[in-house]
Amino acid sequence: VQLQASGGGLVQAGGSLRLSCSASGRTFSGYAMGWFRQAPGKDREFVAGISWRGSSTDYGDSVKGRFIISRNNARNTNFLQMNSLKPDDTAVYYCAAKSPTSYSSTYSKDTEYNYWGQGTQVTVSS
């Protein structure tokens with residue numbers, strides 16, 4: 001499967017952005033999805049994950065209560081709604097997919113994912 005992330009940009013602190021990840025190549029609904037981010041000089045960090053059916057979600061501690069992950073399997077797309085953005089959220093954001101997977105599993109380790117998109121830059125100014 002090929003993944004294309006989009007929606008990044010420059011936003012002021014306190015603002016919102018919505019990232020999208022479009023999948024092509026195979027049946028999207030058979031994949032668990034996730035978002036990771038990497039800031040300069042830092043390790044890649046888990047942001048959010050969603051199960052195949054969308055029934056289960058998981059979030060990194062630094063984004064809980066501010067970010068929401070969702071998916072639309074009919075459109076082969078998942079979304080990361082980012083609210084109350086902070087300068088520390090500045091990073092390149094990557095979407096990832098994992099298959100095989102069970103209906104309700106989510107994954108927080110980058111080594112668990114098979115496929116990766118190219119990344120989209122998010123910059124939050126103070």
Side-chain angles (χ1 to χ4, degrees):
V1 65
Q2 291 79 45
L3 303 175
Q4 179 74 38
S6 61
L10 174 64
V11 64
Q12 288 188 331
S16 298
L17 279 175
R18 188 174 83 153
L19 305 183
S20 300
C21 178
S22 298
S24 62
R26 298 189 67 176
T27 303
F28 178 70
S29 62
Y31 293 80
M33 303 298 296
W35 287 92
F36 291 78
R37 67 187 183 186
Q38 189 164 22
K42 295 187 177 181
D43 292 335
R44 188 156 52 187
E45 175 188 14
F46 171 70
V47 175
I50 188 166
S51 61
W52 173 6
R53 291 284 185 87
S55 58
S56 299
T57 58
D58 188 22
Y59 297 92
D61 289 342
S62 61
V63 307
K64 281 180 181 176
R66 299 188 297 123
F67 290 10
I68 300 170
I69 188 172
S70 61
R71 66 189 295 164
N72 184 329
N73 287 346
R75 294 175 56 189
N76 288 348
T77 304
N78 82 84
F79 306 96
L80 184 68
Q81 177 66 42
M82 306 186 296
N83 301 318
S84 301
L85 283 161
K86 306 174 181 179
D88 284 349
D89 295 319
T90 296
V92 177
Y93 284 71
Y94 299 90
C95 65
K98 173 186 168 47
S99 179
T101 180
S102 64
Y103 289 140
S104 61
S105 294
T106 60
Y107 305 89
S108 61
K109 297 180 181 179
D110 55 0
T111 52
E112 296 177 296
Y113 288 83
N114 314 81
Y115 305 95
W116 291 84
Q118 85 291 357
T120 185
Q121 176 70 47
V122 172
T123 303
V124 184
S125 63
S126 56

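- For the 3.5 Å distance criterion, the side chains of Arg75 and Asn73 fail to qualify, holding no donor opposite an acceptor.
- The side-chain hydrogen bond (donor to acceptor under 3.5 Å, both in side chains) check on Gln38 picks up nothing, with sequence neighbours excluded.
- Within the structure, disulfide bond (SG atoms under 2.5 Å apart) pairs that include any residue of residues 33-72 do not occur (at least two apart or interchain).
- Remark: Asn114 engages no residue in a side-chain hydrogen bond (donor to acceptor under 3.5 Å, both in side chains) (not counting sequence neighbours).
- Contact between Ser22 and Thr77 at its shortest, heavy atoms only, is OG-OG1, 3.8 Å.
- Rounded to the nearest 0.5 angstrom, Thr106 OG1 and Ile50 CD1 are separated by 9.5 Å.
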Pair Arg53-Ser104, side-chain contact (heavy atoms from CB on, under 4.5 Å): steps then yes or no: CA-CA 7 Å; Arg53 291 284 185 87; Ser104 61; over 6 Å; no
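- Looking at Asp58 and Ser108, their side chains never bring a donor and an acceptor atom within 3.5 Å of each other.
- Residues passing the side chain to side chain contact (heavy atoms under 4.5 Å, CB included) test with Ser126, sequence neighbours excluded: Pro87.
- Of the possible polar contacts, none joining the Ser84 side chain to the Gly14 backbone as a donor-acceptor pair under 3.5 Å is found.
- The hydrophobic cluster containing Trp116, built from Ile/Leu/Val/Met/Phe/Trp/Tyr side-chain heavy atoms closer than 4.5 Å, also comprises Phe36, Phe46, Val92, Tyr94, Tyr107, Tyr113.
- In this structure, the side chain of Thr90 does not engage the main chain of Thr123 through any donor-acceptor pair within 3.5 Å.
- Residues passing the side chain to side chain contact (heavy atoms under 4.5 Å, CB included) test with Ala97, sequence neighbours excluded: Val1, Leu3, Tyr31, Met33, Tyr115.
- Among residues two or more places apart in sequence or in another chain, the side chain to side chain contact (heavy atoms under 4.5 Å, CB included) test is passed with Val122 by Leu17, Leu19, Met82, Tyr93, Val124.
- Residues satisfying the salt bridge (charged side-chain N to carboxylate O under 4.0 Å, His left out) criterion with Arg18, sequence neighbours excluded, are absent altogether.
- In terms of the side chain to side chain contact (heavy atoms under 4.5 Å, CB included) criterion, Asp88 has no residue partners (sequence neighbours excluded).
- When all heavy atoms of Ser20 and Trp35 are compared, the closest pair comes out as O-CH2, 3.6 Å.
- Applying the side-chain hydrogen bond (donor to acceptor under 3.5 Å, both in side chains) criterion to Ser6, with sequence neighbours excluded, gives no partner residue.
- Note on residues 60-69: pairs passing side-chain hydrogen bond (donor to acceptor under 3.5 Å, both in side chains), not counting sequence neighbours, are Arg37-Ser62, Glu45-Ser62, Asp61-Lys64, Arg66-Asp89.
- Across all non-hydrogen atoms, the minimal contact from Asn72 to Phe79 is CB-CE1, 4.2 Å.
- Under a 3.5 Å cut-off, the side chain of Arg71 and the backbone N or O of Ser51 do form a donor-acceptor pair.
- Residues Ala48 and Leu80 share a closest heavy-atom pair of CB-CD1, 4.0 Å.
- Applying the side-chain hydrogen bond (donor to acceptor under 3.5 Å, both in side chains) criterion to Ser125, with sequence neighbours excluded, gives no partner residue.
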